[in-house]
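Presented below is the structure to which this report refers.
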There are 2 protein chains.
Amino acid sequence: METTSPRKMIFSRMAEMARALGNPHRLELLNLLSQGERNVDRLAELTGMSVANTSQHLQALRRNGLVDVRRAGKHAFYGLSNDQTLAALQALTALTEANSAAMQQILSDYFWNLDALEPVTRDELEARLGEGVVVLDARPEDEYALGHLPGAICVPDGTVETLLKTLPRDRTIVAYCRGSYCISSFRLVARLRALGYDVRRLEEGFPEWRANGRPVEEGRPDLRRA
Amino acid sequence: METTSPRKMIFSRMAEMARALGNPHRLELLNLLSQGERNVDRLAELTGMSVANTSQHLQALRRNGLVDVRRAGKHAFYGLSNDQTLAALQALTALTEANSAAMQQILSDYFWNLDALEPVTRDELEARLGEGVVVLDARPEDEYALGHLPGAICVPDGTVETLLKTLPRDRTIVAYCRGSYCISSFRLVARLRALGYDVRRLEEGFPEWRANGRPVEEGRPDLRRA
DNA sequence: GTTACGTTCAAGTGTTTCATTGAACGTGGC
DNA sequence: GCCACGTTCAATGAAACACTTGAACGTAAC
C-alpha cells in the first residue's frame, strides 16, 4: 500500500477548506465578521441561529484558520483571520455571480434595477473626501462604531427622517453599507433621490474599503452631525 | 411558508458553489482541466477514478457552471468554463496555503521545488536579470509597448505556441502580467509547467515593478526574440 | 466560596454526500 | 439494421454533516 501522494493530500486539504465555506450559515458569519469582530451571542442573534449551533460553526471556521478568536473577559470575540479569507470570499462571490443563473436572477430582481445610478469608485471618493462630500454610512450603529469612513454620518435603516433637517442640498452625497449584497445603501439612496438630493452609492462596501488600506475612523456615531 | 430573504438565497447559492469545490477529486479534475480540455475517459485514467465516478463529479461541476462540455463525435470534452473559475481556484490555493499548517508541512516535506509554487520576489528577479533568466510578459501588446521589464518577451494570451520553439528548457523562466488580480501570468505559468518548463511567477505585476523604481524598457514587442 | 453568564463540548437523530455496481442511452462504423 | 464504444443514469450502503438538547467549563461579580 503506497502512501497517498502529496498531490492528493494538497487537494484534500483544499477541499476541506472549500467545504468549510460550503454552508450558508458559515458564509453569513464570515460576511458579518468582515464588518468587524463580534462575540458568539451577537452573531447568534444576528443570524437567528441557536448559540450552540453558532459556536459549532465558528469552531468549524476556526479549525480551518478562517477566523481568529480573541478572548476578553467573559466574551470571545471572533474576527476574520487574514486578508486571504476576504479575498477568497470575494472570489467565491464573483464565481457564483458569473456561473449561477439563479444568482443573476436574484440580483436583477432585488438589486440591479435599484442601481441605475453608477456607483462612485473608491479612488474617486477618497480623492474628494476633503472637498466637502457628505458621506453616509447605512449600516447599524454597532458596525459603524467598529470602523467607518472618515467623517461618515451614521444613518441606519429608518433613521433618514431625523437627518433631513441638517442634510445640505447643495453638496454631493455618497452612501455605503456592508457590501455588494447589502441592500441598505440602495434603500437610502433611493429614498434621498426621491427627495431630490444628489446622492450616489459607493462601489462595494466598508469591508472592501478597509481591506484596500483606505483611511478608517472609529468611535460611536453622532447622529446629530451633518 | 415565508419567503426566504434574497440575502439568504445568495448565501445558499454561494455555499452550493463552495461545496462543488469541496471534494479532492473535483479539485483534481479542475486542476487537470485548467491545462486544457479532456474527455471523460482520459480524466478517469489520469485521476485513477472509475469512469462512472468521474462522470458524476463532472456533472456536479457542470451543474454549478464550473466546467463546460463540448461534444465531438462519441467524445465529450470538458474544460473550464471561464476565468472566474481559475481565479477562484487560485484564491482557494492561496487561502489554504495561508491558513493550513498541514499544507505548509506537506509542501516543505514533499515538494522539492517549494519555491516553484511561490512567486519570485522583485528583488530576486532584479538580481538575476543578468544571469540569463528568461522573462515573459503576459499582457497585451499595447501595454507591453508602453513599458516592460528589461529583455522581457511579449507573450499575450494565446500566443504561447509560437514561442515554444525558441524557449530554452534549461533556463529559469519568470512570467508576469498586470498585477495581483490579473490571471494571464497564472495561465501562462500553468501552461508552460504542464509542458515541463521551469517557470515561476513574479509577485504582483508590472505596475508595482515600475512604481518600485525598478528598471523599465520601452518599445514594440519582438515576438521572435528569445 | 457561590452564583451568573458566556461559551464550548458530547450524544442523538435526520439528512446529504460519496463510491460502487450494473444497466441505459447515443453516436459512429460496419 | 447491428455492434462497439464513450458516456450517463439509478440504486445501494457507508460515511460525513447539520441541528438540537443538555451538560460542562471558565471567568467575573457578588
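The shown structure was predicted, so the numbers you read here are calculated from the model rather than taken from an experiment. Naming convention: chains lettered A, B, ... in sequence-line order (proteins, then strands); numbering from 1 in each chain.
- Taking Q56(B) as the reference, nothing meets the side chain to side chain donor-acceptor pair (under 3.5 Å) condition, with sequence neighbours excluded.
- A cation-pi arrangement is present between R169(B) and Y197(B) under the rule of less than 6.0 angstrom and at most 45 degrees off the ring axis.
- We find that CZ of R63(B) is positioned 12 Å from C1' of dT8(D), with the value rounded to whole Å.
- Summarising the geometry, the separation between CZ on R71(B) and P on dG28(C) is reported as 12 Å, rounded to the nearest angstrom.
- Taking 4.0 angstrom as the limit, Y78(B) places a side-chain polar atom (N or O) nearer than this to OP1 or OP2 of dT8(D).
- The distance between atom CG of D41(B) and atom P of dA4(D), rounded to the nearest whole Å, is 17 Å.
- Using a 4.0 Å heavy-atom criterion, one finds that R26(B) contacts the sugar-phosphate atoms exclusively.
- With dG6(D), dT8(C), dT17(C) as the candidates, the nucleotide lying closest to the side chain of H75(B) is dG6(D).
- Listed candidates were dC19(D), dT7(D), dA19(C). Nearest to the side chain of N23(B) is dA19(C).
- Remark: P of dC18(C) and CD of E16(A) are 14 Å apart, rounded to the nearest angstrom.
- Put simply, NE2 on H57(B) is 10 Å from C1' on dT17(C), counting in whole angstrom units.
- The distance from atom CD of E28(B) to atom C1' of dA19(C) is 16 Å, rounded to the nearest whole Å.
- Listed pair S55(A) / dT8(C) meets the phosphate criterion, a side-chain N or O lying under 4.0 Å from OP1 or OP2.
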| task | Starting from the C-alpha separation in whole Å, work towards a yes-or-no answer on salt bridge (charged side-chain N to carboxylate O under 4.0 Å, His left out) for E16(A) and R19(A). | result | CA-CA 5 Å; E16(A) 265 178 68; R19(A) 250 179 289 127; 5.8 Å; no
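- Applying the side chain to side chain donor-acceptor pair (under 3.5 Å) rule to N82(A) yields the partners T85(A), N99(B); only residues at least two apart in sequence or on another chain are considered.
- Closest approach to the N39(B) side chain among dC19(D), dT8(C), dT7(D) is made by dT7(D) (side chain taken as heavy atoms from C-beta onward).
- Position along DNA chain C of the nearest nucleotide to G22(B) versus V51(A) favours V51(A) as the more 5'-ward residue.
- F77(A) comes within 4.0 angstrom of no nucleic acid atom, judged by non-hydrogen atoms across all strands.
- When the C1' atom of dG6(C) is taken as reference, atom CD of Q59(A) falls 13 Å away, rounded to whole Å.
- Legend: residues meeting side chain to side chain donor-acceptor pair (under 3.5 Å) with R139(A), ordered by chain and number and at least two apart, are Q35(A), D137(A).
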What side-chain donor-acceptor pairs closer than 3.5 Å can you find for residues 61-68 of chain B, not counting sequence neighbours?
from   : atom 1 : to     : atom 2 : distance (Å)
R62(B) : NH2    : Q59(B) : OE1    : 3.4
N64(B) : ND2    : A60(B) : O      : 3.0

| Sugar-phosphate or base contact per nucleotide [nucleotides 21-30 of chain D; S, B, -; heavy atom under 4.0 Å] | B------S--
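- Regarding R70(A), its CZ atom lies at a distance of 15 Å from the C1' atom of dG6(C), rounded to whole Å.
- The side chain to side chain donor-acceptor pair (under 3.5 Å) search around S12(B) returns none, not counting sequence neighbours.
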